[in-house]
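See below for the structure under consideration.
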Amino acid sequence: MTGLENPVNSLIGKLSAGAISLLGGTLSIRRIGAEYVEQAREGGRKVIYAFWHEGLLVATYAFRRQGIQVLVSQHRDGEWIARAIECMGYGTIRGSSTRGGTRALFRMAAAGAAGDDLGVTVDGPRGPRLEVKPGTLIIAGRSGLPIVPFAVASNKACLLSSWDRFMVPRPFSRAAIAFGEPLTVPGDAPVDRLEPYRAELQRRLLEAREIAGRSLDAS
């Protein structure tokens, strides 16, 4: 029996999806910079949503039921995470920078080229925190899709003691999702020449994180 067929993982996934939906329904979520998404989608293009692992809970609720394909770790906790997000309308492709990485990146790129939106936590699944890994850039180059960076903030949240300081907003709190300018990676860019794109994506994500936080302070 594989992990995804395990009834315990299935039950945990369904309960987790229900809990995320219940919590998410109480949040007031503000989206900032939505014009960047429209810009990236010009001509009917699909996109790669790129974000920090800390904002995964809010992002999972905010982008549910859109058929986005998400890269999920093959680590043990990835089993129930995959089940949970599948219950919320996502597709999953298993792999990470440490296990099944190259094959998963190619599968993500193929899904994007075939007409799916993609979602990637750029510093997951084990960090370092707030540090972009090159996998998203490889996917973008091979798929031809623009990267839309975004970051999440909440005015009242519990930050877990995990490596990512995972953000769990309190019920009925306010949250913000700030989008940044899309980034395109040339399809002919070799892997060893991706650093300028990685650094620029990191800059845009950190800027989006600051904007999201400031928007809550000002409101």
Side-chain angles (χ1 to χ4, degrees), residues 20 23-24 26-41 47-64 66 68 70-73 81 85 90 96-97 108 117-140 145-185 194-219:
I20 293 171
L23 174 60
T26 73
L27 302 178
S28 175
I29 302 176
R30 178 186 181 190
R31 301 190 186 218
I32 305 162
E35 66 273 12
Y36 288 130
V37 182
E38 297 175 4
Q39 175 185 334
R41 289 192 177 282
V47 302
I48 302 170
Y49 290 110
F51 59 105
W52 302 120
H53 202 276
E54 65 182 6
L56 182 59
L57 192 154
V58 173
T60 298
Y61 178 77
F63 292 89
R64 68 196 185 283
Q66 296 181 30
I68 299 171
V70 179
L71 185 62
V72 179
S73 168
I81 291 174
I85 65 176
Y90 293 88
S96 68
S97 58
M108 285 284 285
D117 286 323
L118 308 178
V120 183
T121 53
V122 295
D123 55 349
R126 289 292 183 268
R129 180 175 183 253
L130 304 181
E131 183 175 310
V132 172
K133 295 179 179 179
T136 306
L137 306 167
I138 295 171
I139 294 170
L145 300 186
I147 301 171
V148 177
F150 74 85
V152 175
S154 175
N155 70 323
K156 295 180 181 179
C158 297
L159 301 180
L160 304 187
S161 58
S162 53
W163 68 266
D164 57 350
R165 302 292 288 162
F166 192 79
M167 182 191 310
V168 182
R170 296 178 183 177
F172 304 101
S173 60
R174 291 180 290 116
I177 296 176
F179 297 96
E181 184 179 358
L183 178 68
T184 300
V185 179
L194 290 177
E195 176 54 27
Y197 300 98
R198 191 205 67 80
E200 179 60 21
L201 178 58
Q202 175 137 337
R203 185 191 69 79
R204 296 184 190 187
L205 279 161
L206 290 174
E207 182 178 57
R209 189 171 184 266
E210 291 183 8
I211 292 172
R214 288 201 306 266
S215 74
L216 294 172
D217 293 338
S219 59

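- One distance of note links CD1 of Ile48 with CG of Leu145; it measures 5.0 Å at 0.5 Å rounding.
- Distance CD1/Ile29 to OH/Tyr61: 6.5 Å, rounded to 0.5 Å.
- In this structure the side chain of Phe51 reaches within 4.5 angstrom of the side chain of Thr121, judged on heavy atoms.
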Could you go through the side-chain contact (heavy atoms from CB on, under 4.5 Å) check for Phe166 and Leu56 one step at a time?
-> CA-CA 8 Å; Phe166 192 79; Leu56 182 59; 3.6 Å; yes
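- For Ala40, the side-chain contact (heavy atoms from CB on, under 4.5 Å) partners at least two apart in sequence or on another chain are Val47, Pro146, Val148, Pro182.
- Residues satisfying the side-chain contact (heavy atoms from CB on, under 4.5 Å) criterion with Glu210, sequence neighbours excluded, are Arg214.
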Residue pair Leu201, Val185: steps toward the side-chain contact (heavy atoms from CB on, under 4.5 Å) verdict = CA-CA 10 Å; Leu201 178 58; Val185 179; over 6 Å; no
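- A 4.5 Å side-chain heavy-atom check between Trp52 and Leu205 finds at least one atom pair inside the cut-off.
- A distance of 8.5 Å separates CZ of Phe150 from CZ of Arg31, quoted to the nearest 0.5 Å.
- The backbone N or O of Gly127 sits less than 3.5 Å from a side-chain atom of Lys133, completing a donor-acceptor pair.
- Legend: residues meeting salt bridge (charged side-chain N to carboxylate O under 4.0 Å, His left out) with Arg170, ordered by chain and number and at least two apart, are absent.
- Identified under the salt bridge (Lys or Arg N to Asp or Glu O under 4.0 Å) test for residues 53-64, with sequence neighbours left out: Glu54-Arg129, Glu54-Arg209.
- Between Val58 and Pro169 there is a side-chain heavy-atom pair separated by less than 4.5 Å.
- Within the model, atoms CG of Leu130 and CD of Gln202 stand 7.5 Å from one another, a figure rounded to the nearest 0.5 Å.
- Interatomic distance, Glu195 CD to Leu137 CG, rounded to the nearest 0.5 Å: 9.0 Å.
- In terms of heavy atoms, Ser173 sits closest to Asn155 at CB-OD1, 3.4 Å.
- Counting heavy atoms from C-beta outward, Asp123 and Pro128 have side chains that stay 4.5 Å or more apart.
- Applying the side-chain contact (heavy atoms from CB on, under 4.5 Å) criterion to Ala176, with sequence neighbours excluded, gives Ile32, Ala212, Ser215, Leu216.
- Tyr49 pairs by the ring-ring contact (aromatic ring centres under 6.0 Å, His included) definition with Phe63, not counting sequence neighbours.
- Among residues two or more places apart in sequence or in another chain, the salt bridge (charged side-chain N to carboxylate O under 4.0 Å, His left out) test is passed with Glu200 by Arg203, Arg204.
- Taken to the nearest 0.5 Å, the CG atom of Leu183 stands 13.0 Å off from the OH atom of Tyr36.
- Within the 4.5 Å cutoff, no side-chain heavy atoms of Ile81 are placed close to those of Ser73.
- Residues passing the salt bridge (charged side-chain N to carboxylate O under 4.0 Å, His left out) test with Asp164, sequence neighbours excluded: none.
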